[in-house]
Amino acid sequence: MTRQVRITVGHADGRADDETESLQREVDVLREDLLLLDVEQVTHPDGGPAPAGTRGAATDLINVLLVSLPPALPLLSNLVGVVKEWLGRTGTSRHVVLEIDGNRLELTGVRSEEQRRLTDLWIARISQPDTDGPGQEQEQDS
């Protein structure tokens with residue numbers, strides 16, 4: 001069964017991103033990195049049709065990627081590793097949220113030991129049958 005991971009890129013301080021082109025370039029690099037994995041696809045979500053007289057809804061979702069992957073735990077671990085590596089290369093104060101089946105992992109500039117521990121907990125959580133329902137969250141603060 002294919003699972004979908006939603007990856008949202010933003011600023012670590014929560015502010016809006018004024019530089020649409022810069023953000024789009026950074027997310028495109030992340031997308032290319034993720035495509036090197038054995039994933040089924042990496043796409044932007046469909047924003048649906050834009051209301052008349054407005055810009056396309058898809059431009060509001062340039063910071064979101066949907067990654068479809070087969071149910072293989074090592075592949076999920078590799079996906080998280082690629083995101084962490086990309087985050088370290090951006091040279092900006094980016095904040096990345098990974099979400100699968102309502103379970104969120106927030107990555108920022110955390111010490112790698114703490115980051116590894118929270119990431120392992122998140123992966124273990126989503127690899128187990130859902131007993132508490134969706135919406136469990138693991139957060140990493142800078």
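- Under the 4.5 Å side-chain heavy-atom criterion for Ile, Leu, Val, Met, Phe, Trp and Tyr, Ile126 and Leu66 are members of distinct hydrophobic clusters.
- Proximity of Trp122 to Leu107: side-chain heavy atoms (C-beta onward) are nowhere separated by under 4.5 Å.
- Closest heavy-atom contact between Pro70 and Asp38: CD-O, 4.0 Å.
- Taking a cutoff of 4.0 Å between a charged side-chain nitrogen and a carboxylate oxygen, Glu114 and Arg116 do not qualify as a salt bridge.
- Taking 4.5 Å as the limit, every side-chain heavy atom of Glu21 sits out of range of all side-chain heavy atoms of Ile62.
- Here the shortest heavy-atom pairing between Leu61 and His44 reads O-ND1, 3.4 Å.
- The side-chain heavy atoms of Arg31 and Leu35, taken from C-beta on, include a pair separated by under 4.5 Å.
- Side chains of Glu40 and Thr2: a donor on one and an acceptor on the other come within 3.5 Å.
- Residues forming a salt bridge (Lys or Arg N to Asp or Glu O under 4.0 Å) with Arg3 (at least two apart in sequence, or on another chain): Asp101.
- Under the side-chain hydrogen bond (donor to acceptor under 3.5 Å, both in side chains) criterion, Asp120 pairs with no residue, sequence neighbours left out.
- Contact annotation: the side chain of Leu34 approaches that of Val83 to within less than 4.5 Å [non-hydrogen atoms, C-beta and beyond].
- Looking at heavy atoms from C-beta onward, Val5 lies out of side-chain contact with Glu99 at the 4.5 angstrom threshold.
- Val96 is not listed as a side-chain neighbour of Thr8, based on a closest heavy-atom distance of 4.5 Å or more.
- Listed here is the closest heavy atom pair of Arg94 and Trp86: CG-CH2, 4.5 Å.
- Remark: Arg117 does not engage Glu113 in a salt bridge, criterion side-chain N to carboxylate O under 4.0 Å.
- Using a 4.5 Å heavy-atom cutoff, the side chains of Val64 and Ile7 are not in contact.
- Proximity of Leu69 to Leu79: side-chain heavy atoms (C-beta onward) are separated by under 4.5 Å at one or more points.
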